[in-house]
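Reading through the structure tokens given below for one structure.
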Amino acid sequence: MDLLYASTRNAQEKVTASQAILKGLAGEGGLFVPTQIPALDVSIDELAKMSYQETAYEVMKLFLTDFTEEELKNCINSAYDSKFDIEEIAPLVKADGAYYLELFHGSTIAFKDMALSILPYLLTTSAKKNQVKNEIVILTATSGDTGKAALAGFADVEGTKIIVFYPKNGVSPIQEKQMVTQKGENTLVVGINGNFDQAQSGVKKMFSDAALAEVMNQADFQFSSANSINIGRLVPQIVYYVYAYAKMYANGEIGKDEKINVVVPTGNFGNILAAFYAKNMGVPIAKLICASNENKVLYDFFSTGTYDKNREFILTSSPSMDILISSNLERLIYRIAGNSAEKNAEFMNALTTDGKYEITAEMKEQLSDFYGNFSSEAETAEIIKKIYENTGYVIDTHTAVAAGVYRKYQADTKDTETKTVIASTASPFKFTRSVMEAIDSKYAAMTDFDLVDELSKLANVAVPQAIEEIRSAPVLHDTVCEVDEMESVVRKFLNIQ
């Protein structure tokens, strides 16, 4: 029996997995959610013996039920190959009293690779399954990492084009260089004079524009998304939490059915939602620890039950989390509202009109799986320095936000016994300046690429290929536009009027 996907805003809209992947966004701005979260049907003893690719199949077959075994295995084996610099794909490193799940060994050295390596294969397979003749136009907004990972995944993939919008002054120099040097005849990278939330809102607006969709269709194009609003992004992210638990069990770090905590540095809420889904599939996870930076809209939500984006937008050293509208939270709101599209739509309309909504006391009770907190900029820098000095292990700014919040969780709850996995979402090489200046202010005078070499010596880690490639790469994308010009930039690139 096929698992169907429902819209969070329209109870009548139900589609197959491949249709949900193709559409990206549901009608009326809704997101697709599985009508039920399937239970794992293999034991932890079996999972403990599996490779990452085998684990991926066991998880994804339960969600993508209209894919054949051959189709799904082909997608998985094409994605998780030599583009990762380590055979394990997602290794666990024990340091400073926690287990760091390194999700940055892919071609763009950030956790987005874990899902965006496979999305092009899922999407092109879905197009064939549904007899789609149009060219798929991937339209995406990025706060730094999704953009490059999506560009790398879709560059020169037949039957696709990809357009990425990013906040011009809201990403790290290396993140920007990775994007603007991207090769591929089908790629376009655009900086906007605005922040990530404005980029994301602009993209969502184009998705829900029926007149634009008709013009696109007449020109043999249709939109899809590579953001974590696409269920084809979210499902692959569930895999690494299942894999991490199985590996900890295999390595004798935990006993059978022993519960672990998971800490996730969180912006758009997709990565921690994947951990929540893993828990609901049967992975023994105790607390889901949601770590925010100074844009602490999620911390405030978990503390008060009110989601309020009416606040100053702060540019931090962890830019992938500089977000005030956490799109994937909608999937959780829908669930705790009793899977009611009508109730969820009311909350989302309030967010659009008033910039905030307040959940009921009954809904708040259902958030007991979560703990939220935040790390300030000073705390984030301090934890990078401390962990390096104590262990020699160097983490990036986003992972440091998570490590800082984990310490606050321990202080608040006195839970120091539960083994804890911290999602390490980016390589420190992606944020060299912030990382190196946190370790020692003497590095402030060095250039970005001199800092790369210094970090390599300090951490005793080779410079990743992703960084070597952009040292001297020419800038191929220099388009910058205002927020209200985003649609005209898209039309121009696609040559439609």
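Nothing here was measured: the structure is a model prediction, and the numbers come from that model.
- Salt-bridge check for K279 with D369: passed, with a basic side-chain N closer than 4.0 Å to an acidic carboxylate O.
- Of the charged side-chain nitrogens involved, none lies within less than 4.0 Å of a carboxylate oxygen, so that E176 and K148 do not count as a salt-bridged pair.
- Aromatic ring orientation, F302 versus F370: parallel (interplanar angle below 30°, classes split at 30° and 60°).
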Between Y80 and F84, is a ring-ring contact (aromatic ring centres under 6.0 Å, His included) present by the stated rule, with each step listed?
CA-CA 7 Å; Y80 303 116; F84 287 83; 5.8 Å; yes
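- Salt-bridge check for K128 with E71: failed, with every basic side-chain N at 4.0 Å or more from each acidic carboxylate O.
- With M436 as the partner, the side chain to side chain contact (heavy atoms under 4.5 Å, CB included) test is satisfied by one option alone out of L455, V394, D448: L455.
- Residue F63 comes nearest to A17 through the heavy atom pair O-CB, 3.8 Å, listed as atom of the first residue, atom of the second, then distance.
- Ring planes of F223 and F207: tilted class, angle from 30 to 60°.
- Classified by interplanar angle (parallel below 30°, tilted 30° to 60°, perpendicular above 60°), the ring pair Y371/Y409 is perpendicular.
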Evaluate the ring-ring contact (aromatic ring centres under 6.0 Å, His included) criterion for residues H398 and F111: first the C-alpha distance (whole Å), next the side-chain angles of each, then the deciding distance (0.1 Å), finally the verdict.
CA-CA 11 Å; H398 302 74; F111 83 102; 8.8 Å; no
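- In this structure, T55 and M50 approach most closely via the heavy-atom pair OG1-CB, 3.6 Å.
- Ion pair E253/K419 not flagged as a salt bridge, since none of the NZ, NE, NH1 or NH2 atoms sits closer than 4.0 Å to an Asp/Glu carboxylate oxygen.
- Under a 4.0 Å N-O distance rule, the pair E330/R9 qualifies as a salt bridge.
- Y393 has its ring centre less than 6.0 Å from the ring centre of Y100.
- Checked for salt-bridge contact, K73 and E70 miss the test: no charged N lies under 4.0 Å from a carboxylate O.
- Taking OG1 from T108 and CD from Q175, the interatomic distance works out to 9.5 Å, rounded to the nearest 0.5 Å.
- Looking at heavy atoms from C-beta onward, N373 lies out of side-chain contact with Y406 at the 4.5 angstrom threshold.
- Shown here are the salt bridge (charged side-chain N to carboxylate O under 4.0 Å, His left out) partners of R407, two or more places apart in sequence or in another chain: D96.
- Scanning both residues, R233 and P236, for their nearest heavy atoms gives O-CD, 3.4 Å.
- Atom CD1 of I89 is separated from atom CG of L103 by 11.5 Å, given to the nearest 0.5 angstrom.
- What you find for I325 and Y307 is that their closest heavy atoms are CA-OH, 3.4 Å.
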